[in-house]
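What follows is a short report on a single structure.
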2 protein chains.
Amino acid sequence: MKKPADLDAIFAALADPTRRQILMMLLEDDMAVTDVAAPFEMSLAAISKHLAVLAEAGLISQERRGRVKWCKLEPDAMRAASVWIQGFGLFDPLDLDAFELFLRSELPETLPESD
Amino acid sequence: MKKPADLDAIFAALADPTRRQILMMLLEDDMAVTDVAAPFEMSLAAISKHLAVLAEAGLISQERRGRVKWCKLEPDAMRAASVWIQGFGLFDPLDLDAFELFLRSELPETLPESD
DNA sequence: TCGATATTCAACCGCATGGTTGAACATGCA
DNA sequence: TGCATGTTCAACCATGCGGTTGAATATCGA
């Protein structure tokens, strides 16, 4: 059950550069804890704690298979943060245009023709 | 010059519910420090510190006019965070629909009729 | 069973954070 | 000038965070 935590935990988790980098690594593929830790110059235990923070925030899930604990990106929690920010409606026309283009190119069939 | 700070500071600033509430208040209008503090059950000094954190992150700017220090929302920093999150490209069709509706209702004149 | 591998636990450290209080500093007004 | 208003400063406190190290736990493979 990967319920997204509250915004406090999500934003706090995103506030650390190591954790953001971990999330980007997980964007490519699921990873074991040891492999996540490999590129960093800190102890495995430290990375393990970072992963716990990310899991607590709902940003990743962890599934143990044998000795290995696999870490998987969970987009829902991040979406909650994104939605909060977008609630500010602070896009200006330029950005809106770009985003509109992104939307159309990405998922054209979900956009209504016009009103 | 209100340069947006790095993501560390921005996300950390957003991780506190008091600060998020302040940002939402500033969405409606610029406010003086005392008026920002009014709805909260904590000391003025505490709010002043929160505002300093928000300003340090570039999320607001503060301009002193006379005795009064006016606080103003600065969307650029928040956009930086939004862009980082959106870099994950994790929108699914359902949410996209909702977001499209939000866009159309919020800023109808900036959306092209259709291609 | 034994050793190697994968991960966490527990205790500790230094430092930042979020809050308090009371005093200090500026500015506006009579 | 003198007082009230608006805001911050400084010191302090409790708590949490990011990191370390060394030991503990669990699983795999020979």
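Here is the naming used below: chain letters follow the sequence lines, and residue numbers restart at 1 for every chain.
As a whole-Å value, the separation of A:M31 CE from C:dA6 C1' is 14 Å. At whole-Å resolution of the value, CH2 in A:W70 and P in D:dT27 are 17 Å apart. The interatomic distance linking B:L14 (CG) with C:dT17 (P) rounds to 15 Å, in whole Å. For the pair A:F11 CZ and C:dG18 C1', the interatomic distance rounds to 19 Å; values are reported in whole Å. One can place CD1 of B:I47 at 16 Å from P of D:dG6, the figure rounded to the nearest angstrom. B:L51 has its CG atom 12 Å from the P atom of C:dG19, to the nearest Å.
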Practice task
Encode nucleotides 25-30 of chain C as B, S and - characters from 5' to 3', where the letter depends on protein heavy atoms closer than 4.0 Å: B to the base, S only to sugar-phosphate, - to neither.
Solution key: --BS--
Handout entry: Reading 5' to 3' through nucleotides 9-21 of chain D, protein heavy-atom contacts under 4.0 Å coded B for base, S for sugar-phosphate only, - for none
Key = B-B------SBBB
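Judged purely by atom type and a 3.5 angstrom limit, A:R19 has no side-chain atom pairing as donor or acceptor with the backbone of A:H50. Within the 3.5 Å criterion, the main-chain N or O of B:L14 finds a donor-acceptor partner in the side chain of B:R20. Under a 3.5 Å cut-off, the side chain of B:D6 and the backbone N or O of B:A9 do form a donor-acceptor pair.
A:W84 and A:I10 fall within a single hydrophobic cluster, where Ile, Leu, Val, Met, Phe, Trp and Tyr are joined by side-chain heavy atoms under 4.5 Å apart, directly or via other members. Tracing side-chain contacts under 4.5 Å through hydrophobic residues (I, L, V, M, F, W, Y), one reaches B:F11 starting from A:M24; they form part of the same cluster. In the hydrophobic clustering of ILVMFWY residues, with side-chain heavy atoms under 4.5 Å counting as a link, A:V53 and A:I47 come out apart. Clustering ILVMFWY residues whenever any of their side-chain heavy atoms sit less than 4.5 angstrom apart, transitively, puts B:L73 in the very cluster that holds B:F40.
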Practice task
Kindly indicate, with the supporting measurements, whether the criterion side chain to side chain contact (heavy atoms under 4.5 Å, CB included) is fulfilled by A:Q62 and A:L51.
Solution key: CA-CA 9 Å; A:Q62 296 182 286; A:L51 289 169; 3.7 Å; yes
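In this structure, A:L59 and A:E74 have side chains that are not in contact, with every pair of non-hydrogen atoms separated by 4.5 Å or more.
For A:Q62, whose side chain is taken as the heavy atoms from C-beta onward, the closest listed nucleotide among D:dT7, C:dT8, C:dA6 is C:dT8.
Annotation for A:D35 and A:P39: closest pair O-CD, 3.5 Å, computed over non-hydrogen atoms. The minimum heavy-atom distance between A:G58 and A:A77, with the atom names listed, is O-CB, 3.4 Å.
The overall bend of the helix from C:dT1-D:dA30 to C:dA30-D:dT1, read as the angle between its terminal helix axes built from five base pairs each, is 20° when rounded to 10 degrees.
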